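Notes for the one structure printed next.
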Amino acid sequence: MNGTTYLIQKLSEGLQKIGVHETADLTIGLERPKIESHGDLATNVAMLLASRLRRNPREIATELVNALELDPKLVSQVDVAGAGFINFKFGIGYYQDALQNILQRKDQFGSDTWGNGERVQFEFVSANPTGPLNIVSARAAAVGDVLANLFAATGFSVEREYYVNDAGRQIRLLGKSVSSRYMVLLGHDEPFPDEGYHGAYIHDLAQQFLDEHGDRFAKLTQDERCNELAKLTLETILASQKAVLDDYGLHYDNWFRESTLRDANSHFTILDTLTQKGHVYDEDGARWFRSSKFGDEKDRVLVTKEGEPTYFLVDIAYHADKYERGFAQLYDLWGPDHHGYIQRVKAALLALGYRDGAFEVNIIQQVNLLQDGEMVKMSKRAGKIIEMKELLEEVGKDVARFFFVARRTQSPLDFDLDLAKNTSEENPVYYVQYAHARICNIIKHAEERGVAFPESARLELLDKKEEIDLIKKLLEFPDLVSKAARYLEPHRVPNYLQELAAVFHRFYHHHKVVTDNLDLTGARMHLIHGTRIVLANALRLLGVSAPERM
RNA sequence: GCGCUCGUAGCUCAGUUGGAUAGAGCAACGGACUUCUAAUCCGUAGGUCGCAGGUUCGAAUCCUGCCGGGCGUACCA
């Protein structure tokens with residue numbers, strides 16, 4: 001039994017009895033007071049009623065409390081306090097039931113079904129296949145994966161998608177860049193394109209292709225060579241991106257290629273639709289979308305005066321395609337340099353008649369990489385790039401994921417590489433993992449002493465402050481998961497884990513689990529086993545491992 | 001100029017979507033290993049929640065205006 005639902009039901013009955021009828025503008029809210037002495041849950045419903053009934057809130061609260069019929073084993077104390085708060089304190093029976101519930105639900109504890117199987121898609125990272133994934137992609141990858149996990153845990157049917165920009169101008173540039181390097185290696189002089197990709201990896205790829213294919217490409221026309229090399233480069237880079245994400249424990253359900261839209265002429269179909277709806281006009285030789293009619297600050301070009309479809313036009317087709325695939329809700333995670341782009345895509349989807357709000361964009365702020373106390377600027381074009389692969393080699397996936405998710409996505413993140421490298425001490429990841437390992441060790445130690453994990457336990461023996469605090473913290477988990485999902489705030493999970501680990505470590509230092517008192521030992525083993533379950537469930541949401549020993 | 005975003009302890013950040021007396025971790029200082037792992041724990045100190053108004057029973061949170069930092073403001077992707 002969930003304490004909040006129980007009390008809301010009882011409060012609702014109580015309101016009926018004192019003659020107050022619930023309306024849409026009156027919701028019974030319960031929250032956990034910051035100050036422990038104020039109880040376990042509090043409601044402000046009397047204060048909300050005060051202005052409506054034109055009565056003193058404390059008076060209403062007192063009347064309501066008198067009308068409540070609560071089970072004294074579950075709720076041990078009810079007070080009217082402050083300006084008119086009603087404070088509730090749970091009884092020991094409540095905690096016994098709750099802990100029992102955690103042990104029964106095991107890895108399902110914290111999961112919910114309110115998403116009702118609704119299909120939701122997360123599209124994230126989607127880096128251009130023109131170079132290795134960088135450290136910003138690593139942040140987006142962690143955040144997106146955890147958000148998807150959170151939605152899955154709250155009952156949604158989630159798909160992870162990666163959009164591969166495998167067509168258009170940039171791919172042509174990529175082909176020309178590699179082709180130039182390749183030809184130079186063979187002693188020919190082929191000029192490097194103006195806005196080409198300068199990274200060292202371009203040179204390395206040219207060398208690799210030379211080793212694998214010899215001078216075969218040199219015999220083609222330049223156009224053919226650029227084309228062939230573009231394809232080969234694209235697939236090679238894509239494969240290495242996949243490999244890095246794989247090491248990160250991130251697996252996409254779908255790799256969607258831009259070329260499938262272009263091959264099917266989907267973007268021109270969309271252009272026709274928009275034109276028929278009267279949202280397109282010609283000016284200065286280009287073809288424009290009247291996005292200012294749909295909340296964008298100005299109109300946008302769909303087809304350039306050279307007749308080239310813009311990235312934007314193809315992107316509209318892409319997002320329309322997602323809707324057509326049957327998703328009820330779309331979430332995109334974009335980089336900070338794209339935030340000016342959100343409104344125009346939303347405008348286009350509105351113009352096409354899709355439901356307002358069904359497409360949301362979450363901006364993942366930049367990562368400032370600090371090295372030797374200085375900020376390293378990252379730019380693919382300039383070739384200075386800190387690769388995600390390097391980061392994983394330095395700090396490992398557990399530390400990287402935890403750190404990236406631990407901050408609000410809309411805040412820029414300073415990543416001190418020097419600090420990250422020597423994370424073996426003072427690291428919150430290890431602090432949390434250590435709590436898990438410690439529990440596993442205690443259970444193992446108990447078994448070595450011949451104390452098997454008991455089927456049932458006298459949980460009423462758990463009445464010490466540190467024990468109750470621990471159970472309370474465990475019980476916060478389901479609500480935490482649903483709020484982290486609902487508000488798209490994955491950083492709540494690492495924060496919660498640190499708090500939970502702290503409460504557990506405190507309990508550990510105050511009380512021994514394995515003692516001569518078999519009943520107490522059994523009860524505490526149930527308690528720490530419940531703790532282990534919640535630690536493991538939360539770590540699983542993060543994609544961070546839960547080691548059994550450290 | 002316009003748009004988005006951030007501003008909370010020396011540093012890095014939380015703050016349960018408007019609740020009661022502002023919270024952690026680092027860093028500083030002082031303690032705790034004969035113990036189920038000290039990768040831990042206990043304690044001390046640290047604040048004009050950028051500034052000023054407003055909304056109401058009540059504001060770090062919502063509104064307005066300033067100040068300061070970041071990003072964006074392409075017929076690039």
Side-chain angles (χ1 to χ4, degrees), chain A residues 29 31-35 37-38 42-44 47-48 50-51 56-57 81-85 87 128 130 165 167-171 173 195 258 283-288 297-298 300-312 314-315 335-343 363 365-366 368 403 406-408 410-414 416 419 424-435 437-446 448-449 476 479-480 483-484 486-487 489 491-492 494-496 498-499 501-502 504-515 521 524-525 528 549-550:
Chain A
E31 56 184 29
R32 189 160 41 86
K34 280 181 201 156
I35 294 154
S37 60
H38 289 151
T43 182
N44 62 350
M47 284 134 92
L48 294 177
S51 61
N56 183 328
F85 290 101
N87 295 337
N128 286 333
T130 52
N165 301 121
R169 202 179 83 102
Q170 53 169 353
I171 297 302
L173 266 176
E195 293 174 86
E258 180 183 350
E283 197 174 290
D284 298 335
R287 187 150 288 190
W288 296 73
E297 52 186 311
K298 60 179 185 179
R300 309 288 176 178
V301 171
L302 297 173
V303 182
T304 69
K305 67 177 97 156
E306 280 81 31
E308 277 278 317
T310 58
Y311 179 87
F312 176 46
V314 183
D315 218 22
D337 50 335
H338 284 72
H339 74 240
Y341 190 78
I342 299 173
Q343 217 38 59
I363 294 294
Q365 279 294 341
Q366 72 182 99
N368 295 319
F403 271 64
R407 296 190 158 77
R408 276 160 46 240
Q410 62 267 42
S411 305
L413 182 148
D414 288 333
D416 189 332
L419 199 71
S424 51
E425 310 165 35
E426 317 299 351
N427 192 320
V429 187
Y430 298 139
Y431 181 79
V432 171
Q433 289 181 321
Y434 182 51
R438 199 169 227 182
I439 291 170
C440 293
N441 197 58
I442 296 169
I443 292 174
K444 189 160 155 274
H445 175 261
E448 281 166 8
R449 293 249 317 238
E476 289 173 24
D479 190 47
L480 173 105
K483 281 186 173 147
R486 186 181 313 144
Y487 300 122
E489 291 184 346
H491 70 272
R492 291 168 183 247
N495 282 344
Y496 170 75
Q498 284 187 77
E499 289 169 9
F504 168 72
H505 285 309
R506 195 173 307 134
F507 159 78
Y508 171 89
H509 275 267
H510 282 83
H511 307 288
K512 276 195 78 127
V513 174
V514 184
T515 61
T521 299
R524 287 188 174 155
M525 281 180 75
I528 64 168
R549 57 171 46 252
M550 288 172 73

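Because the structure is a prediction, the values reported are computed rather than measured.
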Under 4.0 angstrom between A:Arg506 side-chain N/O and B:C42 OP1 or OP2
yes

Please tell me which of the listed nucleotides, B:U40, B:A20, B:C76, lies nearest to the side chain of A:His505?
B:U40

When syn is taken as a glycosidic angle within 90 degrees of 0, is B:C67 syn or anti?
anti

When you get a sec, tell me which of B:U17, B:C36, B:A38 is the closest nucleotide to the side chain of A:Ile442?
B:C36

Between A:Ile443 and A:Ala501, which is nearer to the 5' end of RNA chain B once each is assigned its nearest nucleotide?
A:Ile443

With syn defined as a glycosidic torsion within 90 degrees of 0 and anti otherwise, which applies to B:U17?
syn

Using the C1' atom as the point on both nucleotides, what is the distance between B:A9 and B:U48, in whole Å?
13 Å

Take A:Glu489 and A:Lys483 through the test side chain to side chain contact (heavy atoms under 4.5 Å, CB included) and record every step on the way to the result.
CA-CA 8 Å; A:Glu489 291 184 346; A:Lys483 281 186 173 147; over 6 Å; no

State whether the aromatic ring of A:Tyr431 stacks on the base of B:A39, taking stacking to mean ring centres under 5.5 Å apart and ring planes under 30° to each other.
no

Any idea which of B:C36, B:A77, B:U16 is nearest the A:His445 side chain?
B:C36

Can you measure A:Phe507 atom CZ to B:U40 atom P for me and round it to whole angstrom units?
18 Å

For atom CD of A:Glu499 and atom C1' of B:A14, their distance in whole Å
8 Å

Among B:C42, B:G15, B:C36, the nucleotide that comes nearest once only the side chain of A:Val514 is considered:
B:C36

Residues in side-chain contact (heavy atoms from CB on, under 4.5 Å) contact with A:Arg32, at least two apart in sequence or another chain
A:Glu476

Check: B:G19 base within 3.5 Å donor-acceptor of A:Asn44 side chain
yes

Out of B:U17, B:C13, B:G19, whichever nucleotide has its closest atom nearest the side chain of A:Lys483
B:U17

Atom pair distance, as rounded to whole Å: OH in A:Tyr487 and C1' in B:A14
17 Å

Which of parallel (below 30°), tilted (30 to 60°) and perpendicular (above 60°) describes A:His338 and A:Tyr341?
perpendicular

Counting primed atoms plus P, OP1 and OP2 as sugar-phosphate and everything else as base, spell out the protein contacts along nucleotides 1-6 of chain B at 4.0 Å heavy-atom distance: B, S or - for each nucleotide, 5' to 3'.
--BBSS

d(CD, A:Glu195; P, B:A74) in whole Å
16 Å

Side chain of A:Glu31 only, please: which of B:A77, B:C75, B:G19 is the nearest?
B:G19

Using Watson-Crick and G-U wobble pairs whose two distances are both under 3.5 Å, how do you write the pairing of RNA chain B as dot-bracket, with | for links to another strand?
(((((((..((((.....[...)))).(((((.......))))).....(((((..]....))))))))))))....

Protein-nucleotide distance (A:Asn495, atom CG; B:G25, atom P), rounded to Å:
12 Å

For A:Tyr508, does the six-membered ring have the charged nitrogen or CZ of A:Arg438 within the cation-pi criterion, i.e. under 6.0 angstrom from the centroid and within 45° of the normal?
yes

Would you mind telling me which of B:G19, B:C76, B:G15 lies closest to the side-chain atoms of A:His491?
B:G15

Kindly check if the number of other-residue, nucleotide or ligand heavy atoms within 6.0 Å of CZ (A:Arg287) is above 12?
no

